Amino acid sequence: MTKENSNTPIIMWFRQDLRIHDNPALNHAASSGKPIVAVFIHDEISPNIRPMGAAQKWWLHHSLESHANELETRGCKLILKSGAATDAIAQLKTETGADAICWNRRYGDGEQSVDADIKQMFKDEGLEAKSFAGHLMHEPSLVRTGSDMPYRVYTPFWKKFCEMGPPRAPYPAPEQLKPHQDQVSSDTLEDWKFLPTKPDWSKTIAEQWTPGESAATERAKAYMAADLRAYDTARDLPGPDRTSKLSPHLRFGEISPYTLWHQCHDQRHTADAKAREVWAKELVWREFSYHLLQEWPHLRSENFNPKFDNFPWDRNEAALEAWQRGQTGYPIVDAGMRQLWKTGWMHNRVRMIVGSFLVKHLLLDWREGESWFWDTLVDGDPAANPAQWQWVAGTGADAAPYFRIFNPILQAEKFDKDGSYIKRYVPELSDLPTQYLAAPWDAPATELKKAGIVLGETYPKPIVDHKEARERALAALQASKEPKE
DNA sequence: CCATTATTGTC
DNA sequence: ACAATAATG
């Protein structure tokens with residue numbers, strides 16, 4: 001095959017795919033034989049693109065640093081540009097004389113319309129613009145029901161996903177990259193001010209996480225070898241916490257879902273079929289979220305199920321703040337919210353509990369919770385975060401025929417039996433015997449005293465009564481169903 | 001009788 | 001998923 005323009009550069013536009021391995025667009029750029037201009041654009045201007053949350057920015061800073069180093073060892077510099085992506089790409093095209101561009105597809109209406117514009121910009125000049133599937137194993141728009149409709153329920157989506165055949169094997173990293181050598185203007189990471197300063201809340205997060213492709217790869221390997229086998233039985237226990245912690249790495253594409261799918265299924269000798277399937281199903285929940293986002297671009301702002309449009313959400317700043325700060329008086333809720341603040345992450349079981357509590361017990365709008373998570377989670381994902389919040393609120397894609405109201409006391413007793421999770425994040429309760437940890441207000445006065453706890457002083461009294469809150473939520477649901485005058 | 005366990009209806 | 005109710009021992 002002749003490569004007519006092998007001396008003119010190709011732009012490799014990195015977005016949510018900060019990896020060398022299994023990166024189809026990068027492989028395309030490498031095999032084109034053209035000098036590669038690698039770029040990342042920080043775009044907070046283009047319409048309908050959600051500005052990143054603070055914790056994600058912390059992650060992205062370090063992930064870009066790591067990715068730039070990876071590229072550097074292959075002789076390639078990562079160019080940083082900011083502003084509207086169409087302008088940044090146009091400028092880069094002029095600066096470098098590039099006659100081709102490639103990227104891995106992203107999802108969401110704002111992102112896709114920017115990408116379509118840029119593709120058009122290249123096509124109009126007879127230049128090449130190619131996009132690849134790398135973020136998801138099956139294109140969300142191609143997973144359809146028998147009557148050619150998008151799925152609204154996970155289980156049939158999962159079945160269809162399986163029928164569509166196993167995801168392709170991951171691609172190897174390109175053997176070599178031919179870098180573009182000329183000087184190109186670039187921002188610095190410091191220009192973007194992604195790291196918090198006054199106050200710097202990132203220290204406890206940095207202790208937990210190492211952003212970047214090599215850390216992601218190591219974590220995946222270690223997880224598959226050690227803990228995958230216990231996933232189906234242990235995944236609901238936030239105390240021992242045997243989850244993979246791969247979510248932020250996946251969020252920024254430091255490791256690909258194809259790689260993880262195959263690593264999981266290759267683990268036949270250590271993990272049984274059940275454990276492997278349950279874990280793979282979680283990976284496909286991510287795909288389902290993108291499927292929903294694709295079909296319902298306003299997933300983060302509008303009820304998926306319009307029947308909830310009349311739901312009488314409360315507005316209560318004090319209650320919202322108590323929830324955000326982990327001061328609700330329900331230890332399992334407070335432990336979760338404090339884990340989130342401290343580490344930028346929360347165990348999934350606890351996400352469901354705190355989400356249900358915000359929406360059902362406090363009657364606060366799920367969008368308040370979604371926004372808080374978006375700002376504080378290092379794995380805040382444009383599809384998974386709204387999809388999960390809508391699921392827990394009952395407004396989303398959920399097959400349950402009833403209005404799910406988690407009981408935070410039962411949930412704590414069931415999933416944090418030994419109280420290790422609560423004690424870790426709510427240390428003011430750590431001297432209370434385990435049996436009282438789920439509901440300290442029911443502990444005998446003598447036990448509270450022995451543990452040095454004064455409810456309302458050293459730890460809050462519950463801000464709502466469970467039974468009353470439950471009844472109030474059910475009444476609100478009824479009220480939202482009354483036909484409007 | 002009480003505490004634990006199984007069943008069932010709901011949203 | 002929960003909670004009211006029934007069954008068990």
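Predicted, not measured: the structure shown is a model, and the values here were computed from it. Chain letters run A, B, ... following the sequence lines, proteins first and then strands; every chain starts at 1.
In this structure, the CD atom of A:Glu413 is 11 Å from the P atom of C:dA3, given to the nearest Å. In this structure, A:Met352 places its CE atom 15 Å from C1' of C:dC2, rounding to the nearest Å. Following rounding to the nearest Å, A:Lys360 (NZ) and B:dC11 (P) show an atom-to-atom distance of 14 Å. Atom CD of A:Glu471 is separated from atom P of C:dA4 by 8 Å (rounded to the nearest Å). Rounded to whole Å, atom C1' of C:dA4 lies 13 Å from atom CG of A:Leu474. Separating the CZ atom of A:Arg470 from the P atom of B:dC11 is a distance of 10 Å, rounded to the nearest angstrom. In this structure, A:Asn305 atom CG and B:dC11 atom P are separated by 16 Å, rounded to whole Å. Separating the CZ atom of A:Arg472 from the C1' atom of B:dC11 is a distance of 17 Å, rounded to the nearest angstrom.
When each of A:Arg367, A:Lys307, A:Glu302, A:Gln390 is checked for a side chain to side chain donor-acceptor pair (under 3.5 Å) with A:Thr395, only A:Gln390 meets the rule.
Of all the heavy atoms in A:Ala335 and A:Tyr425, the pair that sits closest is O-CB, 3.6 Å.
Under the 4.5 Å side-chain criterion, counting only non-hydrogen atoms from C-beta, A:Trp323 is not in contact with A:Glu368.
In this structure, of C:dC2, C:dA4, B:dC11, it is C:dC2 that holds the atom nearest to the side chain of A:Phe406. Comparing C:dC2, C:dA4, C:dA1 against the side chain of A:Tyr402 picks out C:dA1 as the nearest.
Contact annotation: A:Asn407 does not reach the phosphate of C:dA1 (side-chain N/O to OP1 or OP2, under 4.0 Å). Distances shown here put every side-chain N or O of A:His466 at or beyond 4.0 Å from the OP1 or OP2 atom of C:dC2.
Geometric assessment of A:Arg50 against the ring of A:Trp374 yields a positive cation-pi assignment under the 6.0 Å and 45° thresholds.
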